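Structure first, commentary second.
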2 protein chains.
Amino acid sequence: MRDQFTHAIEDYLKTIYDLSLTHGRASTTQIAEVLNVAPASVTGMIKRLAGAKPPLVEYQKHRGVVLTQDGKIAAIEIIRHHRLLELFLQETLGYSWDEVHAEADRLEHVISEDFEERIARVLGDPTHNPHGDPIPTRDLEIPPHATLCLSHLRPNDRGTIRRVRDTDPELLRFLSDHGIVPPASFTVTGYTPFDGNLTLQINGRDQAVVLGMRITQQIYVERE
Amino acid sequence: MRDQFTHAIEDYLKTIYDLSLTHGRASTTQIAEVLNVAPASVTGMIKRLAGAKPPLVEYQKHRGVVLTQDGKIAAIEIIRHHRLLELFLQETLGYSWDEVHAEADRLEHVISEDFEERIARVLGDPTHNPHGDPIPTRDLEIPPHATLCLSHLRPNDRGTIRRVRDTDPELLRFLSDHGIVPPASFTVTGYTPFDGNLTLQINGRDQAVVLGMRITQQIYVERE
DNA sequence: CCAGAAAATTAGTTACCCCTAAAACAAGAT
DNA sequence: ATCTTGTTTTAGGGGTAACTAATTTTCTGG
Ligand SMILES: [Mn+2]
Ligand SMILES: [Mn+2]
Ligand SMILES: [Mn+2]
Ligand SMILES: [Mn+2]
């Protein structure tokens, strides 16, 4: 059913999927930034994806791409690999949550469907990875997950940490040092307009923390 | 210390190492056969390996290659990855011994040194993989291992199965069906000249098995 | 020693995936 | 409507790693 795509193609599909979730469409520059390649390289690859049989993206010159149904299926397959692997690395090999992403990013392209199936069973068909991202099911449905960004909360709001974006290991270490890890619950105790700083009191912690928007935009929560 | 080489280079080094063990030198055609590429492709790669800084092989036109010290170190690093992975897949994920080789062949190129270290610890610094091949140590020494080929034994010889070559999953299934798995002990009860067939009585088994040279040459034993 | 066979190399292509530099385009500001 | 800026595409090129076909070298048997 799979393993027809190169590592590069898989990384592009994954990136386009991700960008489409927040922006509806993925632009050349956005993709280039995420993948750390030149915009010209993205244009080249985009054309290959659009010209594939069947096409994996729908491409309109100068206005970016969206995934076709085929492209979306391929992307979600890889995301399932990635997130299952992240949990597996943490649970079975004792990785910390800031280490799992980079390792999974390489493994995701080479494991077999058999490997995928085996770790899914060992882990008991989990629904979320260590960062709280939903793990697509075997038939590629996305489990329910938090979409409310912490930056939108205001003083006296209470809630639970559900997801943290996983791209920056340093941020992840900072957050776990302060107890900001799913499923910690918290109360917002302060807000500064203009700079958007939020003060967060994590339940069971002495010290409150002040978080800038750079950080609060990377965190998704469930409001009580 | 590593991860400077492409997947292709790593596969060539591994293959050359393996061929050198039995043939002293690796010829273009032998490498081509193992890696399933055209001889012309091997010539091309060999030149790159010989021209690398530092050189990874010593190349004499028309008479194959041997690994340099640098090439050997790189090869053994990958072989350590490969064999640790094989054991890990069997022990932790329940793979059967005919399934581990193919999966490890892809994973070996992408795991980090950290991953290597973690599975080595989980497995208790093992010395042999499921097929009985020695697993190079952290400092790349090769643990002792059987080098006597079953095909050299004769009737009334007794011994223990120690290693089986791992390239053919079908053969591996056949062998485990007949109890020919390290560390089974056995007695040779028959030998046919000309075709080299051996009859083997595995201890604790009802039926003796007749094995052709195609098979007995893939099996290494320790004689009593 | 030499002819034919086998092995290896060279020559010429191709696909993939990246790059830089230059040109073209889109869209908001004037 | 035009300018300007930022975005995107085109053009041209490089490294890797494979291929086929043609040629050269080595080996081997008579
Ligand atoms: Mn991740
Ligand atoms: Mn990746
Ligand atoms: Mn193996
Ligand atoms: Mn390999």
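We name chains A, B, ... by the order of the sequence lines, and we start the count at 1 in each one. What you are looking at is a predicted structure, and each value in this text was computed from that prediction instead of being measured.
- A salt bridge links E99(A) to R118(B): one of the charged nitrogens lies within less than 4.0 Å of a carboxylate oxygen.
- For the OP1/OP2 pair of dT9(C) and a distance below 4.0 Å, the side-chain nitrogens and oxygens of T28(B) include at least one atom meeting the criterion.
- Annotation: salt bridge (charged side-chain N to carboxylate O under 4.0 Å, His left out) contacts involving residues 13-34 of chain B, sequence neighbours excluded, comprise K14(B)-D105(B), K14(B)-E108(B), D18(B)-R165(B).
- Put simply, Y12(A) has no side-chain N or O that comes within less than 4.0 Å of OP1 or OP2 on dC16(C).
- Atom CD1 of I9(A) is separated from atom P of dC18(C) by 10 Å (rounded to the nearest Å).
- Rounded to an integer number of Å, the gap from CD1 of I46(B) to P of dA18(D) is 12 Å.
- Within the structure, a side-chain polar atom (N or O) of R63(B) is placed less than 4.0 Å from OP1 or OP2 of dC27(D).
- Between H62(A) and N36(A), it is N36(A) whose nearest contact on DNA chain C lies nearer the 5' terminus.
- Rounded to a whole Å, the CG atom of L35(A) is 16 Å from the C1' atom of dC16(C).
- Residue contacts for S41(A): at a heavy-atom cut-off of 4.0 Å it reaches a base atom on one of the strands shown.
- Remark: R121(B) engages E117(B) in a side-chain hydrogen bond (donor to acceptor under 3.5 Å, both in side chains) (not counting sequence neighbours).
- Rounded to an integer number of Å, the gap from Q4(A) CD to dC16(C) P is 14 Å.
- The CD atom of E33(B) sits 9 Å away from the P atom of dA7(C) (whole-angstrom rounding).
- Partners of S41(B) by side-chain contact (heavy atoms from CB on, under 4.5 Å), not counting sequence neighbours, listed by chain and number: Y12(B), V37(B), A38(B).
- Among residues two or more places apart in sequence or in another chain, the side-chain contact (heavy atoms from CB on, under 4.5 Å) test is passed with A50(A) by V57(A), Y59(A).
- Residue I31(B) contributes atom CD1, which lies 16 Å from atom C1' of dA18(D) at whole-angstrom precision.
- With sequence neighbours left out, the side-chain contact (heavy atoms from CB on, under 4.5 Å) criterion links A146(B) to R162(B), Y220(B).
- Atom CD of E10(A) and atom C1' of dC16(C) are 15 Å apart (whole Å).
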Got a list of protein N/O to nucleotides 10-16 of chain D N/O distances below 3.5 Å?
from, atom 1, to, atom 2, distance (Å)
dT10(D), OP1, K61(A), NZ, 2.8
dT10(D), OP2, K47(A), NZ, 2.2

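- A straight line from CG of D11(B) to C1' of dA18(D) spans 14 Å, rounded to a whole angstrom.
- Here CD of E222(B) is found 11.5 Å from CD1 of I161(B). Values are rounded to the nearest 0.5 Å.
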